[in-house]
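Shown next, in structure tokens, is the structure this report addresses.
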Amino acid sequence: MNLRSNVMRIVVRVGLTLSLVCLVWLAWAAMRGSIALAADPTGLGGTADAAVDYVWILVCAFLVMFMQPGFAMLEAGFCRAKNATNLMTKNLMDYVTGSLVFFIIGYAIMMGGDWHGLWGTEGWLMLGDYYDVDKYLNMFWMLVFCATAATIVSGAVAERLKFKAYFIYSIVVSAIIYPIYGHWVWGGGWLSQLPFGLGAVDFAGSGVVHAIGGFVGLAGAMVLGPRFGKYDRDGKPRAIPGHSIVLAALGVFILWFGWFGFNSGSTCNAHHLRIAVIAVNTNLAAAAATLSALLIAKWRTKKWDTGMALNGAVAGLVAITAPCAWVEGWAAIAIGLIAGGLMYASVKFLEAKGIDDPVGAISVHGTCGLWGLLSLGFFADGTYGNYSVEAPYVTGLLYGGGGEQLLAQFISCIVVFAWAFGTGYLTFKLMDKAFGVRISPEEELQGLDIPEHGTPAYPDFVTMRKS
Amino acid sequence: MNLRSNVMRIVVRVGLTLSLVCLVWLAWAAMRGSIALAADPTGLGGTADAAVDYVWILVCAFLVMFMQPGFAMLEAGFCRAKNATNLMTKNLMDYVTGSLVFFIIGYAIMMGGDWHGLWGTEGWLMLGDYYDVDKYLNMFWMLVFCATAATIVSGAVAERLKFKAYFIYSIVVSAIIYPIYGHWVWGGGWLSQLPFGLGAVDFAGSGVVHAIGGFVGLAGAMVLGPRFGKYDRDGKPRAIPGHSIVLAALGVFILWFGWFGFNSGSTCNAHHLRIAVIAVNTNLAAAAATLSALLIAKWRTKKWDTGMALNGAVAGLVAITAPCAWVEGWAAIAIGLIAGGLMYASVKFLEAKGIDDPVGAISVHGTCGLWGLLSLGFFADGTYGNYSVEAPYVTGLLYGGGGEQLLAQFISCIVVFAWAFGTGYLTFKLMDKAFGVRISPEEELQGLDIPEHGTPAYPDFVTMRKS
Amino acid sequence: MNLRSNVMRIVVRVGLTLSLVCLVWLAWAAMRGSIALAADPTGLGGTADAAVDYVWILVCAFLVMFMQPGFAMLEAGFCRAKNATNLMTKNLMDYVTGSLVFFIIGYAIMMGGDWHGLWGTEGWLMLGDYYDVDKYLNMFWMLVFCATAATIVSGAVAERLKFKAYFIYSIVVSAIIYPIYGHWVWGGGWLSQLPFGLGAVDFAGSGVVHAIGGFVGLAGAMVLGPRFGKYDRDGKPRAIPGHSIVLAALGVFILWFGWFGFNSGSTCNAHHLRIAVIAVNTNLAAAAATLSALLIAKWRTKKWDTGMALNGAVAGLVAITAPCAWVEGWAAIAIGLIAGGLMYASVKFLEAKGIDDPVGAISVHGTCGLWGLLSLGFFADGTYGNYSVEAPYVTGLLYGGGGEQLLAQFISCIVVFAWAFGTGYLTFKLMDKAFGVRISPEEELQGLDIPEHGTPAYPDFVTMRKS
Amino acid sequence: MKKIEAIIRIEKFEEVKDALKKAGYPGMTKTPVEGHGKQKGLKEQFRGTTFEVEFPPKIKLEIVARDSEVNQIVDTIVTSARTGEVGDGKIFIYPVESVIRVRTGEKGEEAL
Amino acid sequence: MKKIEAIIRIEKFEEVKDALKKAGYPGMTKTPVEGHGKQKGLKEQFRGTTFEVEFPPKIKLEIVARDSEVNQIVDTIVTSARTGEVGDGKIFIYPVESVIRVRTGEKGEEAL
Amino acid sequence: MKKIEAIIRIEKFEEVKDALKKAGYPGMTKTPVEGHGKQKGLKEQFRGTTFEVEFPPKIKLEIVARDSEVNQIVDTIVTSARTGEVGDGKIFIYPVESVIRVRTGEKGEEAL
Ligand SMILES: Nc1ncnc2c1ncn2[C@@H]1O[C@H](COP(=O)(O)OP(=O)(O)O)[C@@H](O)[C@H]1O
Ligand SMILES: Nc1ncnc2c1ncn2[C@@H]1O[C@H](COP(=O)(O)OP(=O)(O)O)[C@@H](O)[C@H]1O
Ligand SMILES: Nc1ncnc2c1ncn2[C@@H]1O[C@H](COP(=O)(O)OP(=O)(O)O)[C@@H](O)[C@H]1O
């Protein structure tokens with residue numbers, strides 16, 4: 001008790017001190033005149049061509065940022081009222097931490113040049129040459145993706161993780177886990193240079209963003225163990241219903257909306273009219289996965305299970321994220337239908353294995369993230385290149401591309417799982433040794449809102465099934 | 001009981017089988033090499049001019065898609081807590097069904113050429129020549145409109161329609177009712193070729209989308225009959241208050257936001273700078289209708305009636321949808337003020353006639369949809385053409401255009417009512433004969449959430465006025 | 001009682017009559033052929049360059065409009081359930097009133113030429129020469145900003161102001177308070193011509209929008225006095241917890257999203273690629289302020305205070321609004337960190353002084369609005385001009401620009417405070433004399449929803465801590 | 001005086017209320033409760049997994065009545081609340097010592 | 001020992017609580033209820049149509065007290081809860097047989 | 001017959017329920033309430049300012065039981081609901097005059 005509050009006090013002090021140091025350092029950096037002459041911070045080159053690309057990328061980035069409340073509402077809706085304040089705070093703070101950390105160091109590691117295919121080494125704090133409109137634009141794009149990866153985890157570890165631990169985790173993921181893997185695939189790192197097909201490709205991040213989030217979440221859920229009451233005495237799983245289907249549905253609609261930015265914006269170029277196909281594919285896969293999840297649930301449970309349909313929508317979106325630019329509409333439907341089924345099976349599997357994922361994040365983002373990576377190895381139809389309208393085009397097995405691309409994708413599946421689960425496990429385990437990541441049983445029963453934040457989410461309402 | 005559950009089982013089986021067949025068919029379609037040479041699936045022609053149009057249309061289409069949660073929140077807020085899960089599911093699934101069905105057959109019927117002014121005949125599954133960035137873009141635009149029409153109905157039939165029936169209805173509307181009428185007006189069909197004025201015109205769909213939705217909803221509400229408790233023993237209507245004014249208001253704000261995409265995007269061309277006028281008109285009409293609805297309600301009930309103001313906002317948006325590109329700001333205000341009044345009168349009229357429309361969808365979308373169509377016959381000011389900045393311009397009675405355009409609009413009002421109500425009535429009546437569209441009285445009293453979906457919307461909260 | 005209801009009756013009658021008069025006048029205005037030949041209402045000049053600017057400005061304007069539900073959710077979440085209907089209505093109606101009033105007279109006063117640096121004098125109802133795509137576009141942009149200023153006040157006066165008074169206030173702010181001050185800074189008025197630096201500058205409106213809203217709110221809160229129960233017998237402030245942290249968080253996320261439009265759109269030009277830097281700065285300042293608010297609260301209260309973090313996010317957004325185009329990323333972080341602290345101190349200060357601001361609007365928008373204005377006097381780095389990529393650039397103290405710009409900013413701080421607080425105080429005081437702006441004590445205890453609107457926000461839920 | 005405490009189905013509340021209205025409409029207090037008796041839990045599901053609601057929601061009606069009226073009120077409730085299925089509810093009768101009307105301060109049966 | 005059960009207006013709860021505080025602040029339990037007595041329903045409206053809330057919301061306070069304290073508590077409540085309008089509420093007094101404090105297992109009046 | 005009315009901690013409800021299940025699982029009714037006894041209020045905070053929740057939320061369990069079962073049920077509750085800290089709750093016992101099962105119309109102890 002005493003020890004813990006000491007640790008807490010130290011964490012806060014360190015936090016405040018760091019902020020101060022940061023401030024001073026920032027001021028000092030400015031003093032030495034950080035603006036480089038090679039860079040263009042003013043944005044002089046604004047032709048119509050540049051302008052339309054900027055507009056496209058920025059608007060899509062705004063949409064991606066808007067996925068944050070989507071995740072927040074979905075997670076809150078699928079968890080209990082007594083933890084809603086906590087979930088809001090976690091979802092807010094991972095975006096906050098991600099924004100600052102990725103700006104200060106994440107982008108440099110991910111995109112600041114390349115050191116042996118492993119990571120980047122320049123652009124800290126976006127000073128000097130990096131104070132440039134193009135670089136800022138690119139940084140912003142990568143930042144909103146980073147924050148998406150970070151926020152996925154909060155669902156898998158919901159209702160039992162200390163806020164402090166989540167805070168630290170979100171620094172680690174934004175500074176290290178996401179940027180390094182991102183460098184491997186999108187920053188010119190080794191995975192992108194695999195000698196099969198066009199190297200491992202991942203159009204908008206089924207792997208880089210979603211599988212990373214999903215498997216770090218798996219690690220977190222495993223270190224934490226299941227919530228109190230999730231399994232009965234015989235180890236049989238019990239449903240713990242979320243407190244608002246309306247919030248969950250709102251969250252999914254927001255995600256679906258934001259995902260159009262996520263996927264079509266990933267051309268980072270409005271001149272690739274392929275963006276229309278990408279938007280359509282995104283929509284079709286989401287619809288197909290919702291449908292298959294709903295129908296499978298109806299078949300298994302005799303009810304039109306709304307929660308599964310909502311999970312299905314996100315599963316379809318995750319799965320189409322990697323292949324969205326490289327497939328036709330019919331293939332998007334096929335990818336989605338399969339994603340809905342995979343998600344359903346994965347949820348049941350994890351539940352049976354004793355892994356408690358309150359919102360289904362691991363199945364939706366992890367499992368379907370892998371499926372997304374693989375699927376383009378089958379369905380890519382050879383009409384679009386690697387963020388380019390020019391050949392070489394990405395071609396999969398079904399369109400005569402042979403198995404090469406599939407192989408590259410398969411390798412990247414293994415790597416993303418190993419990297420995300422490994423670093424995630426380490427992070428949570430180390431924290432657990434240091435100060436214990438799990439809230440006390442009494443606090444868990446009472447809900448995290450009051451012990452951690454002092455503030456119940458719904459003080460005017462009479463609530464009942466609190467436990 | 002037995003018969004019903006048999007029917008259900010069959011429906012599910014057929015559903016699953018169809019999905020499977022679909023999958024196989026899709027794969028087969030791909031195998032025969034679906035990519036045509038005439039089409040451009042890669043998007044090679046990406047000049048700045050094309051790019052800015054694509055950006056405009058896509059962003060606006062995303063906004064239109066985002067109207068889905070707007071409708072979902074509005075309807076849920078205006079209905080009772082015990083049916084909230086059901087409303088979320090219906091609103092989700094009509095978008096899902098619409099997305100798939102419209103892609104697979106709807107677009108072909110609406111836009112795939114023209115057969116005697118009646119419907120289109122090619123472009124199934126967007127294969128072959130239709131695998132083209134322009135076609136995909138256009139399909140996506142029409143799809144989000146189709147889904148809007150579909151979702152309107154869920155409000156009118158809320159709290160008493162079986163989910164299964166809604167599911168089937170949403171297939172019919174996306175495959176047939178919407179595409180065929182849409183073809184008549186926007187696909188080069190007979191209404192657009194009327195020899196009065198510029199033919200029947202409907203800029204963004206007061207008729208094609210909203211009146212269609214509204215009058216199919218009327219048919220549904222009539223086949224179903226009023227909710228238990230809506231009328232007392234003497235047939236006097238009783239208010240059944242919705243469970244969350246906050247959700248309803250959120251829904252209306254989201255709709256207002258999305259409507260900017262709906263209306264201004266309907267130029268399908270960012271080079272028509274008229275889009276600025278369209279956005280302003282959209283905003284003014286919505287504001288004016290909100291104001292008139294609020295003031296009328298204040299006059300009649302002595303209270304600042306929030307529900308009526310919210311309905312008023314949507315009424316104004318619906319009314320300005322057809323004329324938005326062809327009128328001035330002052331006329332938009334006039335159209336809006338009148339729409340608010342019409343909506344109010346229509347709500348009272350339908351309620352008095354024993355037609356129970358829980359959220360006011362028929363009055364808002366049906367009545368004001370007709371008013372929108374008509375209004376441009378009066379107010380069109382001759383400064384913009386038929387999706388064209390070149391003459392001939394659309395001109396109404398007040399600006400010296402004579403009564404011709406008004407006549408064309410009048411005809412299209414009659415046609416849209418007849419078509420939507422007729423086909424809608426048929427659809428619901430046939431289903432009613434086949435398996436009964438209305439939930440059992442016990443289930444209605446209990447709310448649809450648990451019997452249909454197994455999942456209460458708010459399990460942590462204590463609720464009271466359940467009936 | 002009698003007198004009051006008489007006043008009410010008169011207000012309603014006058015309202016209805018005005019609407020009617022308005023309608024007739026509008027029609028008459030049209031009849032005399034309002035379309036001028038000099039203007040371009042059709043939008044003929046649609047080059048790619050113009051198109052991309054229009055797309056950018058419109059999409060950003062839509063995002064700004066979407067901040068309305070952000071404010072609505074934030075305010076409702078931070079207030080009690082018994083006033084939620086009232087807050088929805090106020091937030092809806094200020095946007096409605098603002099939209100109509102600003103179109104009819106506000107824009108003319110703000111942007112219709114310049115009379116001695118004080119106000120504009122033409123463009124009423126956007127008739128004649130003002131029926132032009134460029135003018136409509138500009139009007140729309142200014143309108144959504146006006147409505148933002150208006151809506152801020154509803155938070156500061158929440159839970160005790162009569163709806164009627166709010167209605168009248170929202171007319172005054174949109175017709176006079178905002179347009180006149182806006183003219184001084186953005187319409188070529190005297191503040192923009194100050195002979196220091198580039199004159200008083202305010203990129204996206206920390207002053208014009210937020211400080212105006214914040215200090216009118218201060219005036220309102222002072223005229224009204226604190227809510228019943230806010231202070232105990234010894235004058236010690238008590239917390240009155242808001243009824244939904246989830247709604248509040250949703251509101252903040254929506255605001256953050258919309259703010260990207262608010263700030264980056266304020267170039268009113270997509271060719272200024274500086275928009276990328278603006279977006280990044282907006283994000284960084286918001287994140288930094290959230291962090292500092294959270295950490296300060298943790299230090300003072302030992303809890304991770306979600307409410308303060310949410311207020312912090314908006315504080316950072318407000319502060320960066322003026323400087324966003326003129327500073328580097330590191331400076332945005334510094335501005336944000338300070339904003340979070342200032343907001344915290346200001347909340348505590350006002351609370352101690354007996355000023356009851358239920359949602360923190362005065363501290364967030366007023367205090368941090370001033371800080372935003374000032375901050376660019378320090379941090380502007382001389383890489384961007386006055387809505388121009390060409391020199392002269394705005395340069396602050398830390399980048400060798402001397403104290404001139406800071407002086408101009410300081411003057412504008414004093415002016416905005418005096419103008420907003422003065423006119424605001426007058427408005428509320430006059431209304432108070434005329435009919436009493438505060439609801440009766442019984443109605444306040446019961447909540448405004450039923451006495452004012454007849455409609456409880458959550459009739460299906462059992463609520464408890466109503467007082 | 002006695003207090004009649006009836007735990008009934010939510011769906012039956014309107015019917016019981018209407019029946020009591022016809023029978024004179026005594027003053028009453030209504031509380032949302034959850035409970036179980038012979039009735040087994042209800043099945044609900046969430047994200048594909050079913051669970052048992054061990055305490056299905058009910059409505060509790062409390063009516064304080066004169067001794068002479070008790071039987072009639074109980075009968076009215078029993079008749080209107082019955083479906084015949086397990087879960088119909090229970091009625092408990094308790095002794096009451098005194099009643100006071102707040103508005104007037106009246107005591108005893110007149111205060112009812 | 002007796003149980004005092006008071007049904008009062010929501011708006012009056014704070015006042016009653018403060019009055020009871022001054023009068024010794026006995027332990028008590030508060031429940032949100034809905035009810036009607038002589039009071040007719042309240043009028044509310046939704047989308048332009050008014051409806052009657054037949055059971056306006058109230059607060060139920062339950063206080064188990066020693067016999068000797070009952071009168072004083074009842075008086076305190078009556079005085080602080082009264083507005084004089086219909087709807088002020090009722091107080092019922094019931095016999096109590098025993099009390100047990102869970103924390104200590106104490107029984108009887110000491111457990112209060 | 002007696003009515004046992006137990007006011008317990010929300011967090012303890014599951015444990016009490018399980019204990020009662022083992023002890024025969026009598027019928028019972030559960031109501032969310034708020035209350036205070038010896039327990040001082042809880043501290044919560046909102047936007048940086050703390051406030052006291054004078055009436056922390058509790059769960060009220062009502063069990064009507066045969067006289068012979070009362071002691072056992074009370075013991076079961078006391079044992080399973082106790083933490084030893086202030087705020088553990090109270091149990092009140094009231095006399096019951098009669099019980100009626102709505103479904104069948106049965107009266108008296110058989111109706112339990
Ligand atoms: N012994 C009891 N004590 C308190 N409440 C009870 C008891 N038995 C039943 N109830 C209440 O009555 C409700 C209805 O009981 P139910 O299971 O329908 O009884 P039955 O055995 O008549 O079918 C329960 O939900 C519970 O709230
Ligand atoms: N006979 C009764 N039995 C149970 N509760 C009652 C009875 N009469 C009144 N109440 C409760 O007391 C509340 C207040 O009653 P009210 O109408 O104010 O009584 P009065 O006749 O004193 O004005 C009601 O809302 C109801 O909850
Ligand atoms: N005299 C009383 N009358 C009614 N309810 C009481 C009384 N005393 C306590 N309670 C209820 O019991 C709950 C628990 O009381 P608590 O403060 O834990 O008692 P203890 O003194 O045993 O610690 C309170 O929240 C309240 O609801």
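Source: prediction; values computed, not measured. In the text below, chain A, chain B and the rest are named by the order of the sequence lines, each starting its count at 1.
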Where do B:Leu58 and A:Trp56 land on the side-chain contact (heavy atoms from CB on, under 4.5 Å) test, with the steps shown first? CA-CA 10 Å; B:Leu58 283 174; A:Trp56 177 238; 3.9 Å; yes
Report the residues that fulfil side chain to side chain contact (heavy atoms under 4.5 Å, CB included) with B:Ala249, sequence neighbours left out, ordered by chain and then residue number. B:Leu310, C:Met88
If we count only N and O atoms by modelled type, under 3.5 Å, do the side chains of A:Asp381 and B:Tyr131 hold a donor and an acceptor together? yes
So, does A:Arg274 use its side chain to make a donor-acceptor pair with the main chain of B:Pro41 at under 3.5 Å? yes
If we check side chain to side chain donor-acceptor pair (under 3.5 Å) with A:Thr306, which of these qualifies: B:Thr89, B:Thr85, B:Thr455, B:Asn86? B:Thr89
Chain B shares the most heavy-atom pairs under 4.5 Å, among A:Tyr393, A:Tyr458, A:Trp256, with A:Trp256
Examine whether an atom of B:Ile450 lies under 4.5 Å from a heavy atom of chain A, and if so say whether it belongs to the side chain, the backbone or both; otherwise answer neither. backbone
Portion of B:Leu92 that has a non-hydrogen atom of chain A nearer than 4.5 angstrom: both
For B:Phe103 and A:Trp330, which heavy atoms make the closest approach, and how far apart are they? CZ-N, 4.0 Å
To the closest 0.5 Å, what do you measure between CD1 (A:Ile275) and CG (B:Leu137)? 8.0 Å
Spatial distance of atom NE2 (B:His453) from atom CD1 (A:Ile245) [nearest 0.5 Å]: 10.0 Å
Between the side chain of B:Tyr136 and the main-chain N/O of A:Gly329, is any donor-acceptor distance below 3.5 Å? yes
What distance separates A:His272 NE2 from B:Leu44 CG, expressed to the nearest 0.5 Å? 9.5 Å
Hey, would you say the A:Phe253 and B:Tyr95 ring centroids sit under 6.0 Å apart? no
Can you tell me how the ring of B:Phe66 sits relative to the ring of A:Phe66, calling it parallel under 30°, perpendicular over 60° and tilted otherwise? perpendicular
Please give me the minimum heavy-atom distance between A:Ala287 and B:Val96, naming the atom from each residue. O-CG1, 3.2 Å
Find out whether B:Pro69 and A:Phe257 are in side-chain contact, i.e. whether some heavy atom of one side chain is under 4.5 Å from a heavy atom of the other. no
Side chain, backbone, both or neither: which part of B:Thr97 has a heavy atom under 4.5 Å from chain A? neither
Who wins among A:Leu284, A:Val59, A:Val252, A:Asp53 for the most heavy-atom pairs under 4.5 Å with chain B? A:Leu284
Can you tell me which portion of A:Thr301 sits under 4.5 Å from chain B's heavy atoms? Options are side chain, backbone, both or neither. neither
With a 4.5 angstrom heavy-atom cut-off, is it the side chain or the backbone of A:Val389 that approaches chain B, or both, or neither? both
Ring geometry between A:Trp304 and B:Phe167 (parallel below 30°, tilted from 30 to 60°, perpendicular above 60°): perpendicular
Report the distance from atom NZ of A:Lys82 to atom CG of B:Asp460, rounding to the nearest 0.5 Å. 8.0 Å
Would you mind checking which part of B:Leu247 comes under 4.5 Å of any heavy atom in chain A, side chain (CB onward), backbone (N, CA, C, O), both or neither? side chain
Any donor-acceptor pair under 3.5 Å linking the side chain of B:Thr42 with the backbone of A:Thr383? yes
Turns out that what part of B:Ala72 lies under 4.5 Å from chain A's heavy atoms comes down to side chain
Which pair of heavy atoms, one from B:Pro459 and one from A:Pro241, lies closest together, and at what distance? CG-CB, 4.0 Å
Hey, what do you get for CD1 (B:Ile254) to CD1 (A:Ile254), rounding to the nearest 0.5 Å? 6.5 Å
Heavy-atom contact with chain B under 4.5 Å, split by part of A:Phe379: neither
Test of ring centre spacing under 6.0 Å for B:Phe140 and A:Phe260: yes
I need the residue from A:Ala288, A:Ala48, A:Ala51 with the largest number of non-hydrogen atom pairs under 4.5 Å to chain B. A:Ala288
Determine whether B:Asp40 and A:Leu273 make a side-chain contact, defined as any pair of heavy atoms from C-beta on separated by less than 4.5 Å. no
With a 4.5 Å cut-off on heavy-atom pairs, point out which of B:Gly43, B:Ser244, B:Ala50, B:Ala76 contacts chain A the most. B:Gly43
Under 4.5 Å from a heavy atom of chain A, the part of B:Leu63 involved: both
